[in-house]
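What follows is a set of notes on a single structure, which appears directly below.
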Protein chains: 2
Amino acid sequence: MTKPKKTPRPKAETPKGFRDYFGSEVTHRAEMLSKIAAVYHRYGFDALESSGVETVEALGKFLPDVDRPNEGVFAWQEDADSDKPGDWLALRYDLTAPLARVYAQHQNDLPKPYRRYAMGPVWRNEKPGPGRFRQFYQCDADTVGAPSVAADAEICAMLADCLEEVGIDRGDYVVRVNNRKVLNGVMEVAGLAGEDKEAERGIVLRAIDKLDRLGPDGVRALLGEGRKDESGDFTKGAGLDDTQAEVVMGFMDAKRSTGAETVARLRELVDGSTIGAQGVDELELIADLLSAGGYGPDRIVTDPSVVRGLGYYTGPVYEAELTFDIQDEKGRTRNFGSVAGGGRYDDLVKRFTGQEVPATGVSIGVDRLLAALDAKGRLDKTADGPVVVTVMDKARMADYQTMVAELRQAGIRAEVYLGNPKNFGNQLKYADKRGSPVAVIEGGDEHEKGVVQIKDLILGAKLAENASLEEWKDRPSQYEVPRDQLIAKVREILDLHS
Amino acid sequence: MTKPKKTPRPKAETPKGFRDYFGSEVTHRAEMLSKIAAVYHRYGFDALESSGVETVEALGKFLPDVDRPNEGVFAWQEDADSDKPGDWLALRYDLTAPLARVYAQHQNDLPKPYRRYAMGPVWRNEKPGPGRFRQFYQCDADTVGAPSVAADAEICAMLADCLEEVGIDRGDYVVRVNNRKVLNGVMEVAGLAGEDKEAERGIVLRAIDKLDRLGPDGVRALLGEGRKDESGDFTKGAGLDDTQAEVVMGFMDAKRSTGAETVARLRELVDGSTIGAQGVDELELIADLLSAGGYGPDRIVTDPSVVRGLGYYTGPVYEAELTFDIQDEKGRTRNFGSVAGGGRYDDLVKRFTGQEVPATGVSIGVDRLLAALDAKGRLDKTADGPVVVTVMDKARMADYQTMVAELRQAGIRAEVYLGNPKNFGNQLKYADKRGSPVAVIEGGDEHEKGVVQIKDLILGAKLAENASLEEWKDRPSQYEVPRDQLIAKVREILDLHS
């Protein structure tokens with residue numbers, strides 16, 4: 001290895017928009033992914049793991065949910081500096097584009113329908129912002145090659161199961177279902193069906209997609225003449241007249257107290273449109289299938305106000321929302337909102353093969369879900385630091401090693417202090433920093449007597465905080481026990497605090 | 001989403017040197033990582049997950065184990081096409097370089113010593129070859145800031161525990177320990193100590209590192225005048241005379257039947273060298289500490305023939321080797337070889353901070369370890385396909401959905417057939433392709449009678465293979481049971497085959 005000489009020291013920083021995850025941040029996510037994987041597996045989905053790198057050609061140079069194509073990915077050319085530059089490669093921006101490539105590449109070997117789940121990091125070359133990172137986890141399940149909306153229904157049920165499995169109680173979430181075909185019907189009724197109306201339909205779709213951000217008035221403006229935003233930029237509208245615009249607005253507003261009423265209202269709205277009627281039928285069928293499986297409106301509802309992704313999906317669209325309030329960083333109460341979404345998209349592999357293959361799938365935002373569990377106090381924050389065997393006499397390291405080996409063999413997380421043992425205070429500070437429940441001490445005196453000192457650090461911390469309280473007075477936080485009772489005593493203390 | 005029009009279809013292929021992992025390939029690895037993480041955790045290591053992307057500056061533009069610096073990573077420049085191009089970014093090539101960056105960046109917040117484990121993909125921009133991929137998993141544990149070789153000893157013990165935990169029996173592996181300081185002593189004795197001998201020491205280190213590939217004769221040639229390889233290329237040697245070369249060769253050959261004899265032989269070899277004696281002392285201490293923890297030479301041995309990484313590490317070096325034979329792709333019996341390695345490197349964060357911080361760590365090659373378990377027949381290959389509820393009557397999808405919901409609620413992996421149900425044969429073919437143990441059938445007749453047909457597909461496959469055997473004659477592979485006994489009967493069949 002050549003040592004860099006006389007070069008300025010490199011900056012020890014993550015690239016902008018990236019971050020490190022420590023300890024329980026990693027393990028909480030791993031546990032969540034493992035629970036979700038178990039549900040996906042129980043529903044019959046098989047694991048797939050593709051690599052983080054794809055050819056730009058296979059990936060498609062666009063993100064589905066940004067306005068600018070050709071942007072948003074980290075890309076580089078193979079052997080860029082050589083005589084024969086190679087393919088352009090890029091980091092995957094989601095797990096759906098690789099699924100399309102995998103299905104097209106391996107379709108002769110895959111079962112049909114192909115039901116796969118995938119979980120892993122994806123990368124977005126976007127401007128980083130607060131809480132917005134350029135690498136994050138996705139956790140998807142998709143069914144490829146199943147035209148039946150039974151596939152959509154089951155993904156909604158699975159989504160509900162996943163949320164409950166990771167610790168969101170029933171009643172604290174709702175899965176909302178909508179259907180792009182109903183919107184198509186609405187557009188037909190609003191007179192936007194023709195070939196020549198593609199531009200207007202595009203504007204309507206984009207406007208609806210912005211409902212969360214712009215509110216009904218903003219969307220209404222975009223359906224009409226257009227809208228000037230805060231910066232003064234003007235976005236041209238779809239040019240619908242009032243009657244037309246009201247049909248579209250009515251669609252988003254069609255939610256009624258019961259699913260049956262909502263469906264009835266939607267039927268009215270799309271009256272006369274074949275595709276619209278088909279969309280309403282599908283919504284009804286999905287509700288029936290879910291109800292047959294025991295998934296009623298306490299968990300999954302028909303809701304035309306779900307608009308996110310309607311521009312991307314071709315049939316049913318679903319979204320899981322957490323319904324409890326949390327305090328935001330400014331102390332304001334707000335609704336937690338969406339943690340997962342998905343829908344049906346029938347052109348998954350068409351880019352590769354020319355065939356239309358129906359597909360439907362869901363993506364769970366694990367990082368948001370973790371934030372939600374954290375806000376609800378549902379993440380296990382119990383300190384699980386290791387038992388620390390302190391080093392009183394460096395020459396007796398072998399004895400300490402024996403103790404720690406015994407502890408580990410008993411399944412107890414433990415370590416010998418491996419820093420410089422000179423300053424005993426540093427050893428206890430280390431144990432504190434690690435959140436250690438117990439410190440084991442065996443100096444020369446103890447060794448001669450055949451005993452060890454066992455310090456209950458959790459109780460010790462409580463005593464330090466509440467030193468004046470009567471109830472603590474007679475409770476020792478340090479015990480001397482015979483060496484051969486080391487494991488038993490440590491176990492006793494751990495059990496006390498668990 | 002803009003639809004690509006009239007563009008040629010993209011090729012559905014992974015980039016060269018990348019691959020997809022399906023089903024049990026993914027879950028076996030996930031299980032192994034989870035088992036190893038549990039051992040690392042029990043030893044007191046905390047999880048760390050850094051992102052796949054680092055600045056080239058932080059990463060250092062080199063791989064430790066290739067001859068060519070500035071190569072081997074996938075890199076790109078931020079905003080390369082803009083007026084203000086940004087930092088060069090790259091995919092991490094291992095988990096140690098990011099650890100160095102993390103430690104330098106967060107050192108004020110981290111406990112000292114900092115003990116972390118990390119697992120995840122790394123990327124190498126190398127020429128792909130058979131079985132050689134440009135993305136693969138690493139699974140590391142390192143202790144940063146612990147000068148004591150007790151840290152090295154415990155990593156060797158942990159490595160042994162990890163191997164047993166994932167299914168390698170005691171006796172089927174050995175952890176070998178060597179020490180760079182002993183080699184330094186050997187070089188001193190061979191007269192290669194001076195400042196002016198740095199070039200020769202480098203050649204010796206690189207020569208020794210190639211022992212596996214070149215054999216003793218090749219290394220001996222490189223210690224002397226040099227070596228001509230098969231292609232005729234000549235590599236200049238270190239120019240040692242016979243006496244000098246024999247000292248170095250003697251080092252690699254110093255292994256004796258017992259650790260004490262090996263240590264004695266090494267002491268002879270480094271006689272007169274302070275650093276060499278210190279290295280031998282460390283080897284002895286490591287053996288003592290391990291022995292105190294119950295890790296004897298049946299698991300961990302002192303072995304100077306471990307040469308891999310000696311050029312990179314600065315103190316103890318360790319390697320885990322599987323000792324059983326396997327058949328290679330050409331049917332030849334060979335030793336499985338190395339599955340993990342590591343050692344002490346004291347310049348981890350020096351690049352960033354100027355400080356020397358002692359560190360020691362191990363990296364387990366999970367993909368090789370999986371291959372080893374596979375070769376030993378230790379991977380669970382039991383088909384775990386879902387129970388398939390077939391669709392006899394599309395209009396009764398809700399009934400099938402109810403069945404599958406019941407099965408899943410009973411913890412049984414199950415799905416409704418979601419393809420086109422027209423051809424019943426295709427449904428059974430699908431179940432076969434998925435490795436389904438059971439198919440559930442409920443046509444109109446069954447529905448009227450309140451029964452379901454339950455097909456034992458595993459037994460059915462056996463019957464088809466052994467149709468002539470007497471013993472199978474009277475065993476049905478299909479059962480008609482009342483609808484309310486669906487779960488019980490499916491469970492009974494699953495239990496039979498588990």
Side-chain angles (χ1 to χ4, degrees), chain A residues 1-2 9-13 15 18 20-23 26-27 41-42 44 46-53 55 57-58 64 69 76 89 101-102 104-105 111-113 121 135 143 146 148 150-151 288-289 292-294 312 351-352 386 397-398 401-402 405 408 413 415-416 418-419 430 433-434, chain B residues 1-2 9-13 15 18 20-23 26-27 41-42 44 46-53 55 57-58 64 69 76 89 101-102 104-105 111-113 135 143 145-146 148 150-151 288-289 292-294 312 351-352 386 397-398 401-402 405 408 413 415-416 418-419 430 433-434:
Chain A
M1 193 171 87
T2 42
R9 283 180 193 152
K11 281 197 288 288
E13 284 173 8
F18 292 88
D20 302 311
Y21 296 83
F22 293 92
V26 179
T27 51
H41 180 264
R42 193 161 72 235
D46 274 344
L48 168 68
E49 187 169 330
S50 60
S51 77
V53 180
T55 65
E57 180 186 356
W76 64 91
L89 305 183
R101 194 265 307 150
V102 166
Q105 181 173 351
K112 307 252 168 64
Q135 172 175 329
T143 297
S148 159
D288 288 349
L289 293 174
Y312 171 65
R351 291 179 56 237
F352 293 105
M397 188 57 107
Q401 212 71 44
T402 308
R408 288 165 181 164
R413 191 181 193 207
E415 59 177 66
V416 176
L418 288 172
Y430 173 81
K433 184 115 192 170
R434 292 296 307 276
Chain B
M1 193 172 86
T2 42
R9 284 181 193 152
K11 280 196 289 287
E13 285 173 9
F18 292 89
D20 302 311
Y21 296 83
F22 293 92
V26 179
T27 50
H41 181 265
R42 193 161 71 234
D46 274 344
L48 167 68
E49 188 168 329
S50 60
S51 76
V53 179
T55 64
E57 182 186 356
W76 63 93
L89 305 183
R101 195 265 306 150
V102 167
Q105 182 172 351
K112 309 250 166 67
Q135 173 175 329
T143 297
S148 159
D288 287 349
L289 293 174
Y312 172 64
R351 290 179 56 238
F352 294 104
M397 188 56 105
Q401 212 70 44
T402 309
R408 288 165 180 164
R413 189 181 194 206
E415 58 177 68
V416 177
L418 288 172
Y430 173 81
K433 184 115 191 169
R434 292 296 306 277

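Below, chains carry the letters A, B, ... as their sequence lines are ordered, and counting in each starts from 1. In this text, all values refer to a predicted model and were calculated from it rather than measured experimentally.
With chain A as the partner, the residue from B/Ala150, B/Gly145, B/Ala58 showing the most heavy-atom pairs under 4.5 Å is B/Ala150. The candidate with the highest count of non-hydrogen atom pairs below 4.5 Å against chain A, out of B/Ser50, B/Ala151, B/Gly23, is B/Gly23. When each of A/Thr143, A/Thr55, A/Leu89, A/Val53 is checked for heavy-atom pairs under 4.5 Å with chain B, A/Val53 comes out on top. Note: B/Pro111 leads B/Gly419, B/Gly294, B/Ala146, B/Pro111 in heavy-atom pairs under 4.5 Å with chain A.
At a threshold of 4.5 Å between non-hydrogen side-chain atoms, the residues A/Met397 and B/Leu289 count as touching. Looking only at side-chain heavy atoms (C-beta outward), A/Asp20 and B/Gln105 come within less than 4.5 Å of each other. Proximity of A/Asp288 to B/Gln401: side-chain heavy atoms (C-beta onward) are nowhere separated by under 4.5 Å.
Between A/Gly44 and B/Pro386, the closest heavy-atom pair is CA-CB, 4.1 Å. For the pair B/Phe18 and A/Ser51, the tightest heavy-atom approach, listed with the atom from each and the gap, is CD2-OG, 3.3 Å. Between A/Ala405 and B/Gly293, the shortest heavy-atom distance links the atoms CB-O, 3.6 Å. Between A/Ala12 and B/Ala104, the closest heavy-atom pair is CB-CB, 3.5 Å. Across every non-hydrogen atom of A/Glu57 and B/Lys11, the tightest pair is OE2-N, 2.9 Å. For the residue pair A/Arg9 and B/Arg351, the shortest heavy atom distance occurs at CG-O, 3.4 Å.
Only the side chain of B/Tyr430 comes within contact range of chain A, with at least one heavy atom under 4.5 Å from a heavy atom of that chain. Within the 4.5 angstrom heavy-atom criterion, atoms from both the backbone and the side chain of B/Leu48 approach chain A. In this structure, the portion of B/Gln135 lying under 4.5 Å from any heavy atom of chain A is its side chain and not its backbone.
Among residues two or more places apart in sequence or in another chain, the salt bridge (Lys or Arg N to Asp or Glu O under 4.0 Å) test is passed with A/Arg434 by A/Glu415, B/Asp46. A/Arg408 pairs by the salt bridge (Lys or Arg N to Asp or Glu O under 4.0 Å) definition with B/Glu154, not counting sequence neighbours.
Atoms NZ and NZ, on B/Lys433 and A/Lys112 in that order, are 7.5 Å from each other to the nearest 0.5 Å.
For A/Ser148 (side chain) and B/Leu418 (main-chain N/O), no donor-acceptor pair under 3.5 Å exists by modelled atom type.
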